[in-house]
Amino acid sequence: MTVIARFTYRIQPGRMDDFRAKLKAAAEPRFNSAEMPEAIRFWRSVVPGSGNDTLVMDIQYPNLAAYGARTDFEHADAAWAALWGPQANAPEQLLGVELLEQVDPFA
């Protein structure tokens, strides 16, 4: 069953381009692994003045095992850790991570 890893970030004012640069670097072939996301989607609030600095990133995997394999790869890769690990001057602040499993409410 499909699994979504939802990452919620607060982007520092004026730093969206820096965050985009990190995302572009993360998409480089050197970070390809045996298990890769099926889709990545980004969301932000459209209500004026509400959550404009918050960005939600949904990363879709076919199942929990695929998510786990990709997470293991990321934790073992020093370059990935350097890109996404704690940084004093990061353009983003990770507010939370949530794992969501697709369900059929009529099953």
Side-chain angles (χ1 to χ4, degrees):
M1 194 63 62
T2 298
V3 170
I4 299 290
R6 175 167 286 173
F7 294 79
T8 303
Y9 293 100
R10 176 170 291 122
I11 308 302
Q12 302 302 324
R15 302 283 312 273
M16 183 58 82
D17 287 342
D18 296 330
F19 185 67
R20 286 184 182 119
K22 287 180 75 168
L23 293 170
K24 187 175 180 178
E28 293 175 0
R30 65 185 172 136
F31 293 124
N32 288 351
S33 63
E35 293 289 348
M36 294 293 290
E38 293 180 326
I40 300 174
R41 295 175 189 86
F42 297 90
W43 311 92
R44 70 174 174 195
S45 177
V46 295
V47 177
S50 173
N52 293 332
D53 63 345
T54 302
L55 184 72
V56 175
M57 177 173 64
D58 286 347
I59 304 175
Q60 180 178 321
Y61 294 93
N63 53 48
L64 193 56
Y67 164 79
R70 177 61 191 181
T71 300
D72 288 346
F73 168 84
E74 292 171 359
H75 287 157
D77 189 280
W80 186 267
L83 182 62
W84 290 106
Q87 301 169 359
N89 193 29
E92 80 286 345
Q93 174 189 6
L94 180 62
L95 300 178
V97 180
E98 188 175 12
L99 289 178
L100 305 168
E101 180 179 53
Q102 183 179 7
V103 296
D104 180 353
F106 303 106

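Any value given below was found using the heavy atoms of this structure, including those in side chains, with hydrogens, waters and symmetry copies removed.
- In the hydrophobic clustering of ILVMFWY residues, with side-chain heavy atoms under 4.5 Å counting as a link, Ile40 and Val56 come out apart.
- For Thr71, the side-chain hydrogen bond (donor to acceptor under 3.5 Å, both in side chains) test picks out no residue, with sequence neighbours left out.
- Atom-to-atom distance recorded for Phe31:CZ and Asp77:CG is 5.5 Å, nearest 0.5 angstrom.
- In this structure, Gln60 and Ile4 approach most closely via the heavy-atom pair CB-CD1, 3.6 Å.
- Tyr61 and Tyr67 have perpendicular rings, their planes meeting at more than 60° on a 0 to 90° scale where under 30° would count as parallel.
- The pair Asp58-Arg41 does not meet the salt-bridge criterion, since no charged nitrogen lies less than 4.0 angstrom from a carboxylate oxygen.
- Judged by distance alone, with hydrogens and angles left aside, the side-chain atoms of Gln12 form no donor-acceptor pair with the main-chain N or O of Asp53 at under 3.5 Å.
- Thr8 OG1 to Trp43 CH2: the interatomic distance, rounded to the nearest 0.5 Å, is 13.0 Å.
- By the side chain to side chain contact (heavy atoms under 4.5 Å, CB included) test, Asp17 pairs with Arg20, sequence neighbours left out.
- Glu35 has its side chain out of reach of Phe73: every pair of non-hydrogen atoms, C-beta onward, lies at least 4.5 Å apart.
- Residues Leu100 and Arg6 form a side-chain contact, since some pair of their non-hydrogen atoms from C-beta on lies under 4.5 Å apart.
- Qualifying salt bridge (charged side-chain N to carboxylate O under 4.0 Å, His left out) partners for Glu92, counting only residues two or more places apart in sequence or in other chains: Lys22.
- Ring geometry, Trp80 versus Trp84: the interplanar angle falls from 30° to 60°, so the pair is classed tilted.
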